[in-house]
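Order of listing sets the numbers, starting from 1, for every ligand and every atom in it. Note that this is a predicted model, so its numbers are computed, not measured.
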Amino acid sequence: GHHWGYGKEDGPSAWHRQYPVAKGNRQSPIDIIPNEARRDSTLGPIFLKYDQCRSLNIANNGHSVVVEFDDSDDRSVVLGGPLDNPYRLKQFHFHWGGKGCEGSEHTVAGVGYASELHVVHWNAVKYKTYNDAAAAPDGLAVLGIFLELGDDHRWLHMITDALYMVKFKGSATDFKGFNPKCLLPSSLHYWTYLGSLTTPPLHESVTWIVLKEPIVVSEKQVSAAALNIIHKTFPTV
Ligand SMILES: NS(=O)(=O)c1ccc(C(=O)NCc2cccc(F)c2F)cc1
Ligand SMILES: [Zn+2]
């Protein structure tokens, strides 16, 4: 149909037809090559102020599972690093692979990960609404966290257990009291670059902050999630 997806006809290689910015000069994701990354001594550490965060719901938008937050004030923000001011926490979501295939969007020296978590924040200092910020060059800051396979992640089950409640595209359910701090690795060392949304409308509005240290999740946790999402919302590819 006219909507975008990940199939042969409506997937990333076709997005440029409806979203010409796909051929822009700051499109994400990219392959991060650590040996070519420049150390910028003017960049300090990032700070994540999530203690007062208020998660609202978990939803299946047909492309991913999203956990949304109350962003009506500056209760939860990311600041520091490359950012000139605090960016307000809006939502987080995952990019799962299909059965057994790597789902991460960014790669590191050509190597993909099982999945990738994106924590999305917007510049409420400069822009009145998320919509405005999402279309502005300094509007969004997205924290990218790689998921690699190993032991069970002790908190990810809270997400994967809720997936059966949002099996179908367009479904949502209450999801209160979840703090994304529990999904962070021990180190906040990062790569950063100016890029874009990785899905349509592909706006070139994202300051990417990709953490170097992945979190560890089990095959069971990823495959349950991926299977659920792929099986229930994507047309058979
Ligand atoms: N994968 S990612 O982290 O790069 C990413 C983050 C957010 C969005 C998003 O908000 N889309 C819907 C949306 C809603 C309002 C205004 C928008 F421009 C818009 F894209 C898309 C991709
Ligand atoms: Zn994403």
Side-chain angles (χ1 to χ4, degrees), residues 3-6 10-12 15-16 18-22 24-32 46 48 55-72 76 78 82-83 87-98 102-108 112-124 126-147 156 159 169-170 172 180 183-184 190-211 214-215 222 225-226 229-230 233-234:
H3 206 56
W4 63 272
Y6 288 93
D10 61 1
W15 291 349
H16 70 94
Q18 200 171 353
Y19 306 96
V21 72
N25 58 16
R26 57 175 276 191
Q27 285 293 300
S28 297
I30 62 168
D31 179 35
I32 298 166
I46 56 168
L48 304 172
S55 65
L56 300 173
N57 61 56
I58 186 166
N60 178 337
N61 63 18
H63 314 296
S64 176
V65 164
V66 188
V67 173
E68 296 191 314
F69 288 81
D70 170 4
D71 64 344
S72 57
S76 334
V78 56
L83 305 173
Y87 283 59
R88 212 177 264 185
L89 174 63
K90 168 83 179 164
Q91 52 106 319
F92 69 76
H93 61 274
F94 296 85
H95 296 271
W96 309 109
E102 309 249 284
S104 73
E105 299 197 309
H106 290 95
T107 49
V108 180
Y113 286 85
S115 173
E116 188 170 334
L117 164 61
H118 290 159
V119 192
V120 183
H121 311 74
W122 61 284
N123 186 342
K126 277 187 74 173
Y127 304 100
K128 277 176 45 126
T129 65
Y130 177 79
N131 273 39
D132 293 347
D138 59 351
L140 301 183
V142 181
L143 193 60
I145 301 166
F146 293 118
L147 280 65
L156 193 69
I159 307 278
K169 172 174 179 173
L183 296 177
L184 298 175
Y190 62 89
W191 295 289
T192 184
Y193 75 98
L194 297 179
S196 75
L197 300 177
T198 64
T199 57
L202 302 170
H203 291 325
E204 297 187 327
S205 58
V206 181
T207 297
W208 277 98
I209 299 170
V210 180
L211 298 188
I215 59 171
V222 169
I229 297 299
I230 300 284
T233 53
F234 290 158

J.: Can you tell me which portion of Phe92 lies within the under-4.0 Å heavy-atom range of ligand 1? Options are side chain, backbone, both, or neither.
T.: neither

J.: For the atoms NE2 of His95 and NE2 of His93, give the angle they form at the Zn ion (ligand 2), rounded to 10 degrees.
T.: 100°

J.: For ligand 1, which atoms, with element, lie under 4.0 Å from some heavy atom of Pro201?
T.: 18 (F), 20 (F)

J.: Step through it carefully: locate the ring centre of Trp208, locate the ring centre of His106, and say whether they are under 6.0 Å apart.
T.: yes

J.: Strictly under 6.0 Å, is that where the ring centroids of Tyr6 and His95 end up?
T.: no

J.: Check the pair Ser72 / Asp70 against side chain to side chain donor-acceptor pair (under 3.5 Å), numbers first and verdict last.
T.: CA-CA 6 Å; Ser72 57; Asp70 170 4; 2.5 Å; yes

J.: His95 heavy atoms, cut-off 4.0 Å: which ligand 1 atoms fall inside?
T.: 1 (N)

J.: Ignoring hydrogens and geometry, is there a side-chain-to-backbone donor-acceptor pair from Arg26 to Val206 under 3.5 Å?
T.: yes

J.: Under 4.0 Å, heavy-atom basis, I'd like to know which part of Val120 is in contact with ligand 1: side chain, backbone, both or neither.
T.: side chain

J.: Could you pull out the closest heavy-atom pair between Ala22 and Gln27, with the gap in Å?
T.: O-CG, 3.4 Å

J.: If you scan the protein for heavy atoms around atom 11 (N) of ligand 1, do you find one that is closer than 4.0 Å?
T.: no

J.: Identify, for atom 1 (N) of ligand 1, the protein heavy atom at the shortest distance, and state residue, atom and that distance.
T.: Thr198 OG1, 2.7 Å

J.: Regarding Asp71 and Lys90, does a basic nitrogen lie under 4.0 Å from an acidic carboxylate oxygen?
T.: yes

J.: Of all N, O or S atoms in His118, which has the smallest distance to the Zn ion (ligand 2)?
T.: ND1

J.: Run the numbers for me: atoms of ligand 1, each under 4.0 Å from some heavy atom of His118, listed by number.
T.: 1 (N), 2 (S), 3 (O)

J.: Going by heavy atoms, is Asn131 under 4.0 Å from ligand 1?
T.: yes

J.: I want to know if ligand 1 touches Gln91 in the polar sense, i.e. an N/O pair below 3.5 angstrom.
T.: no

J.: Nearest protein heavy atom to atom 9 (C) of ligand 1, by residue and atom, and its distance?
T.: Tyr130 OH, 3.6 Å

J.: Do Asp138 and Tyr127 have a side chain donor and acceptor closer than 3.5 Å?
T.: yes

J.: As an exercise, identify every atom of ligand 1 less than 4.0 angstrom from a heavy atom of Ala134.
T.: 16 (C), 17 (C), 18 (F)

J.: Which atoms from ligand 1 have a heavy atom of His203 less than 4.0 Å away?
T.: 18 (F)

J.: Counting heavy atoms only, which part of Val142 comes closer than 4.0 Å to ligand 1: side chain, backbone, both or neither?
T.: side chain

J.: Only heavy atoms of Thr199, strictly under 4.0 Å: list the atoms of ligand 1 that pass.
T.: 21 (C), 22 (C)

J.: Compare every heavy atom of Ser205 with every heavy atom of Ala134, then report the nearest pair and how far apart it is.
T.: O-OG, 2.7 Å

J.: Looking only at protein heavy atoms, which one is nearest to atom 5 (C) of ligand 1, and what is the separation?
T.: Leu197 CD2, 3.8 Å

J.: Could you check if a side-chain atom of Leu48 sits within less than 4.5 angstrom of a side-chain atom of Leu143, using non-hydrogen atoms only?
T.: yes

J.: Do any non-hydrogen protein atoms sit less than 4.0 Å from atom 22 (C) of ligand 1?
T.: yes

